[in-house]
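Right, one structure below, let's go through it.
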Protein chains: 2
Amino acid sequence: MRLTTKGRFAVTAMLDLAMRAEGGPVTLAGISERQSISLSYLEQLFGKLRRRNLVDSVRGPGGGYCLARPVEEITVADIVTAVDEPLDATQCAGGHNCHDDEHSCMTHDLWAGLNKTIQSYLASVSLAQLIEHHEARQRGDNIVQFEQRIGRITETTKHAIAH
Amino acid sequence: MRLTTKGRFAVTAMLDLAMRAEGGPVTLAGISERQSISLSYLEQLFGKLRRRNLVDSVRGPGGGYCLARPVEEITVADIVTAVDEPLDATQCAGGHNCHDDEHSCMTHDLWAGLNKTIQSYLASVSLAQLIEHHEARQRGDNIVQFEQRIGRITETTKHAIAH
DNA sequence: AAATATCCTAGTGATTTAGTCAACTAAAAA
DNA sequence: TTTTTAGTTGACTAAATCACTAGGATATTT
């Protein structure tokens, strides 16, 4: 899994979309203006999000984009992997194609574990949780840090390892 | 924290160094040959590792590099941050300089949490553990996956949050 | 002095990022 | 029906970054 600003832009845009999805389709022009992301760039990103079935598009006047699934069922990991396609290529970037060469892959399991850790973290945060977090912050509530989710990840991971 | 192949090269080189550090200083030429990393590139990396006090250097014939600390006290996080210097600059790359602007940082806490997660994982793995893991693999032992360390991270994190 | 090895700066080619531009299609409003 | 709105696609690009390389300077031993 790659981590670039492209992924961050996509998450920000999707969050903007999710927060005003009740009023029907949301235009990229609107997202562009509110989030200061260029329209053309958004078009590129949403092309990929649509192909991955994270959003649906409605053409013509009054059109725009809608979420293809409820906010609870779209995770940050979904969004990031949709726009930052794997393309690992680089030796040992998470693939399992290097068990013959001792030297280059002494650290293979280390990076594989890191990938899994990142993946688990991002998969543990949904759009719904981001919205909740943002609204809580606006109300001035005590902030529930996302770090606490690590606990939940661990349970899941332990479970996965046990089987 | 950035994650590039530069960091991976550095970890591989440090692991090579750690595994033959008992025979006195290890030359970069040797590491270059064994790990197929160019000498000039290694010089660049070890310049940074030395400035961060992870290795000590001995000049002249018979010289080379030694670990500046015991293998138990050098973590992967130490190595990666030494060679992949932060240079965040980009908005909200983990810094805390963006609490005034609502829009751009709706996702700030998310990425901050991710950074912390990555950092915790890499800080939980020492050179000693990498060596142990590598030797176990050569013996054909059952492999203890690094993923299991997540459990330990969680305890640490929970502790940190509680205070 | 000669050989060995680390130190240091600068540069370079390939790739990636973060877009732009332009042409097009579909749908709704006038 | 014409116009406008808005998504769809592909080609292109300036700037930055990555992964090195070149070449010399400096220190130490033989």
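Computed over heavy atoms, backbone and side chain alike; hydrogens, waters and symmetry mates excluded. Labels below follow one simple rule: chain letters A, B, ... track the order of the sequence lines, proteins then strands, and each chain is numbered from 1.
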Does [N] have OP1 or OP2 under 4.0 Å away from a side-chain N or O of [X]?
X	N	value
A/Ser38	C/dG19	no
B/Ser57	C/dC7	yes
B/Arg50	C/dT6	no

For the side chain of [X], counting heavy atoms from C-beta on, which of [options] is nearest?
X	options	answer
A/Leu28	C/dT6, D/dG7, C/dG19	D/dG7
B/Arg59	C/dT20, D/dT26, D/dT29	D/dT26
A/Pro61	D/dT8, D/dC20, C/dA29	C/dA29
B/Glu43	D/dT29, D/dT21, C/dC7	C/dC7

Would you indicate whether B/Glu43, at its atom CD, is surrounded by more than 12 heavy atoms from other residues, nucleotides or ligands within a distance under 6.0 Å? yes
Please give, in whole Å, the distance from [N] [atom2] to [X] [atom1]?
X	N	atom1	atom2	answer
B/Arg51	C/dT9	CZ	C1'	11 Å
B/Phe9	D/dT21	CZ	C1'	14 Å
B/Gln44	C/dG11	CD	P	14 Å
A/Phe46	C/dG19	CZ	C1'	16 Å
B/Leu42	D/dA19	CG	C1'	12 Å
B/Lys48	D/dC18	NZ	C1'	11 Å
A/Leu49	D/dT8	CG	C1'	14 Å
A/Leu39	D/dA6	CG	C1'	9 Å

Work out which heavy atom in A/Leu42 is nearest to a heavy atom in A/Ala13; give both atom names and the distance. CD2-CB, 3.8 Å
For a quick test of reading the model, state the closest non-hydrogen atom pair linking B/Ser38 to B/Ser32 and the distance between them. C-OG, 4.0 Å
If the plane angle is over 60° it's perpendicular, under 30° parallel, otherwise tilted; pick one for B/Tyr41 and B/Phe9. perpendicular
With a non-hydrogen cut-off below 4.0 angstrom, is [X] in contact with a base, only sugar-phosphate, or nothing?
X	answer
B/Tyr65	sugar-phosphate
B/Thr4	sugar-phosphate
A/Ser40	base

Most 5' of A/Ile37 and A/Gly60 on DNA chain C, judged by nearest nucleotide: A/Ile37
What is the distance from atom CG of B/Leu130 to atom CE of B/Met14, rounded to the nearest 0.5 Å? 11.0 Å
